[in-house]
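Shown next, in structure tokens, is the structure this report addresses.
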There are 2 protein chains.
Amino acid sequence: MKQDKRNRLEKAGWRVGNADELLGLSPEEAEYIDLRIRLGEAVRQLRKKKELTQVELAARMGSSQSRMAKAEAADSSVSLDLLVRYLLALGATRQDLARAIAG
Amino acid sequence: MKQDKRNRLEKAGWRVGNADELLGLSPEEAEYIDLRIRLGEAVRQLRKKKELTQVELAARMGSSQSRMAKAEAADSSVSLDLLVRYLLALGATRQDLARAIAG
DNA sequence: TTGACGCATGTCGAATTTGACATAGACTAC
DNA sequence: GTAGTCTATGTCAAATTCGACATGCGTCAA
């Protein structure tokens, strides 16, 4: 399962660039990726709650459906910045963000 | 004071690119900037708590003193990504981030 | 089947963000 | 004074991230 996790991460585009121990992420790498996944999931939840399609939300903020999809999947090509801006565009407050992050 | 705030923001590099009402930010613009400022302040606090200089922390994560300074000032040239990565490098947990965000 | 709809994934040139560097200001201590 | 330390600010080429587009997959209805 360690290997599975690694595979999934590398599939998502992460160079698990740790020193030597080729199975593990540093604690902060782990936190960072965890954070992104949580925010991606939060975007999807909020979007569905508002009954919007990816196309609709993307249009509303001058982005594109493909970016939206990648964001929700926490693809390595999307920044934390973009994830947060999607959430804010969905009407999330700082408190909502905090909740999504802290889990 | 409204004008003061606008000046400060534009000084920091923000094009307050709102529709027409030339005094205000949209709620999400405001939340976004607020968020960045909070994270910048959190970086400074945590760094000082650990008694590190900007040079030391920057070196520790392969960044530079100038980026650190801009990050703490929430300069528009630094991303949320970088702010968060500084915090994680300082040992902050997701819960710590949530606290810094929610205020 | 065919078509439409929603989402995923890969690629590209353009835009933004990066670390690095130079330099300056503020503050000590000598 | 001036030398040392810490932080702020501007600039740049290189790296990353962006929106856009094409295309594929699954599902549902006609």
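Throughout, a chain's letter reflects where its sequence line sits, starting with A, and its residues are numbered from 1.
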* To do: Quick one: label B:Ser64 by what it contacts on the DNA or RNA (base, sugar-phosphate, nothing), any heavy atom closer than 4.0 Å.
  => base
* For the pair made of CD in A:Glu72 and C1' in C:dT9, what is the distance, rounded to whole Å? -> 14 Å
* To do: In whole angstrom, give the distance that lies between atom CZ of A:Arg67 and atom P of C:dG6.
  => 21 Å
* Asked: Using a cut-off of less than 4.0 Å, is there contact between a side-chain N or O of B:Arg85 and OP1 or OP2 of C:dT17?
  -> no
* A:Leu83 backbone acceptor or donor facing A:Arg36 side chain under 3.5 Å -> no
* To do: Would you mind classifying the nucleic acid contact of A:Val55 as base, sugar-phosphate or nothing, using non-hydrogen atoms under 4.0 angstrom?
  => nothing
* **Minimum-distance nucleotide to A:Gln54 side chain [options: C:dG19, C:dA8, D:dT7]** => C:dA8
* Check B:Ala58 against B:Ser64 and note the closest heavy-atom contact, atom names and distance. => CB-C, 3.4 Å
* To the nearest Å, give me how far apart NZ (B:Lys48) and P (D:dC6) are. => 11 Å
* Structure fact -> To the nearest angstrom, the CG-C1' distance between A:Leu80 and D:dC18 comes to 15 Å
* Asked: Counting any heavy atom closer than 4.0 Å, what does A:Ser79 reach on the DNA or RNA strands: base, sugar-phosphate only, or nothing?
  -> sugar-phosphate
* To do: Would you confirm whether A:Asp96, through its side chain, and A:Thr93, through its main-chain N or O, come within 3.5 Å as a donor-acceptor pair?
  => yes
* To do: Could you check how far CG of B:Asp75 sits from C1' of C:dG19, rounded to whole Å?
  => 14 Å
* Do you know the tightest heavy-atom contact between A:Lys70 and A:Ser77? -> CD-OG, 3.6 Å
* Starting at the 5' end of DNA chain C and moving along, which residue's nearest nucleotide shows up first, B:Leu82 or B:Ser66? -> B:Leu82
* **Closest to side chain of A:Val78, choosing from D:dC18, D:dG19, C:dC7** => D:dC18
* Structure fact -> From the candidates D:dA8, D:dG19, C:dC7, the one with an atom nearest any side-chain atom of A:Arg47 is C:dC7
